[in-house]
There are 2 protein chains.
Amino acid sequence: MKKKVPQATVHRLSLYARYLGELEAQGEDYVSSERLGEGVGTNGAQVRKDLSFFDRFGIPGRGYPVSFLRKRLANILGVGDRVWRVAVVGAGRLGAALVGYSVFEKQSFHFVAILDNDPGKIGTRVNGLEVGDIRDLRGIVSSQNVEVAVITVPVHSAQQVADMLVEAGVRALLNFAPAKLDVSPHIVLRNVDLAVELEGLSFHLINS
Amino acid sequence: MKKKVPQATVHRLSLYARYLGELEAQGEDYVSSERLGEGVGTNGAQVRKDLSFFDRFGIPGRGYPVSFLRKRLANILGVGDRVWRVAVVGAGRLGAALVGYSVFEKQSFHFVAILDNDPGKIGTRVNGLEVGDIRDLRGIVSSQNVEVAVITVPVHSAQQVADMLVEAGVRALLNFAPAKLDVSPHIVLRNVDLAVELEGLSFHLINS
DNA sequence: CTATGTGAAGGCCTTCACAGCG
DNA sequence: CGCTGTGAAGGCCTTCACATAG
């Protein structure tokens, strides 16, 4: 319960929460920092340091109460009780895949809209959601209380879409377009860049 | 041209290469480290340090020759001349989306196979590729010279699929399943975990 | 006696600052 | 004189090691 939480710690928190869910399903009551670290690819010291940013969750000599810790981490991550309302912009293959991706709905992310600018797609259904017209973005964001948006449009329109979303009041963006988006610093922006990931693989294949 | 290249540097190298491509298309001949950094969201000092791991590419007083540097970075990343043959395992929505994702083919990643275990999918076509039977994985990997695989199967079969791929001779894995895969240390493994990304957004939304 | 919580140490990556090249 | 290349400094994150709690 101290200072600034490292980005890497936040990332691991998600992994801890997921692994704790598995342990919980297996009926485990307590888990040591060492085993929890093992389960997500790190070590006990790292686990203890990560958790120490928030609270004292453990019992010396025993370990961490699995179910309790999982719930606390879910709350810290903002996926405990509340649900985030998410819009997807770009109803191409990737956008459609994400809307149907069960991992998201199991967590507390609820897709409330999918938008596109292609008249051939508008009005069709994707996983039960009707594709809306991107020109209605502003109205949809406010009427549906969208707080998070996923951008899966082509790179040349990504910045424009980001601007529209921010203007409409969306506070967090998950961007799949291979573009550097410029947004106001109080907007939470995260990029998933598949080409960069593959090039990372490629680099390590060559240099080994 | 010194010591171990940081992971973060490899990541930025991809971004530099992409931005240089844009500059090249605009007909720019030279670019300063400062501008190149600006273009990918970092600064000139970082750019110079990153590049210094490999060679002296720049001309003091002038900057970096755009086209030359782009080509050299592409080669360093392993996407310059050669083509990587990629198989996708899991022909669900996400797998299908990735096979059709133009960003990959534009880079030097060529999808040569998509596999699934669902009889209802085997034999159908996804973006021109016929879905193969996962039981033929070993044969397909060797006959098609697959070096890189993308895993888009459900979490409960991800480890098994990874084992099969490694056993068959694949050297690099891009894993989209929310699972910690155990693979031999000489296999290049990279995880894209969409739930973790969303939880990262969620955390920062709550804590700000 | 076991396993947590945490200052301190260590290591890695980024930023600084400037010598030196063109 | 401008901008690169790079040692040195700084800052952030991980690992260590042990006092402490149960």
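Every chain is numbered from 1 and lettered A, B, ... according to where its sequence line falls, protein lines coming before strand lines.
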Query - Nearest-neighbour nucleotide for the B/T42 side chain, C/dT4, D/dT6, C/dT15 considered - result: C/dT15
**Report entry** Nucleotide nearest B/I59 when distance is taken to its side chain, options C/dC16, D/dT15, C/dG22
**Finding:** C/dG22
Within this structure, what is the [atom1]-to-[atom2] distance between [X] and [N], rounded to whole angstrom?
X     : N      : atom1 : atom2 : value
B/Y64 : D/dG2  : OH    : C1'   : 13 Å
B/E34 : D/dT4  : CD    : C1'   : 12 Å
B/L51 : D/dC3  : CG    : C1'   : 13 Å
A/R35 : C/dT4  : CZ    : P     : 12 Å
B/F54 : D/dT6  : CZ    : P     : 13 Å
A/D50 : C/dG5  : CG    : P     : 12 Å
A/F57 : D/dA21 : CZ    : P     : 19 Å
A/E38 : C/dA3  : CD    : P     : 15 Å

Report summary line: Comparing A/T9 with A/R48, nearest DNA chain D nucleotide closer to 5' gives the residue A/T9
Requested in this report: Could you tell me whether the side chains of A/S202 and B/W84 share a donor-acceptor contact shorter than 3.5 Å?
Outcome: yes
Query raised in the report: Any side-chain donor-acceptor pair under 3.5 Å between B/H204 and A/Q7?
Result: yes
Report task. Taking the side chain as every heavy atom from C-beta outward, state whether B/V146 and B/V86 have any atom pair closer than 4.5 Å. Result -> no
Any side-chain N or O of [X] less than 4.0 Å from the OP1 or OP2 oxygen of [N]?
X     : N      : value
B/Q46 : C/dT15 : yes
A/N43 : D/dT15 : yes
B/Y30 : C/dG22 : no
B/S33 : D/dC3  : no

When we call it a touch if two heavy atoms are under 4.0 Å apart, what does [X] touch: a base, just sugar-phosphate, or nothing?
X     : value
B/R62 : sugar-phosphate
A/R56 : sugar-phosphate
B/R12 : sugar-phosphate

Query - Atom pair OG (B/S208) and CZ (A/R171), whose distance is rounded to the nearest 0.5 Å - result: 5.5 Å
Report summary line: To the nearest 0.5 Å, atom CD1 of B/I59 lies from atom CZ of B/F68 at 9.0 Å
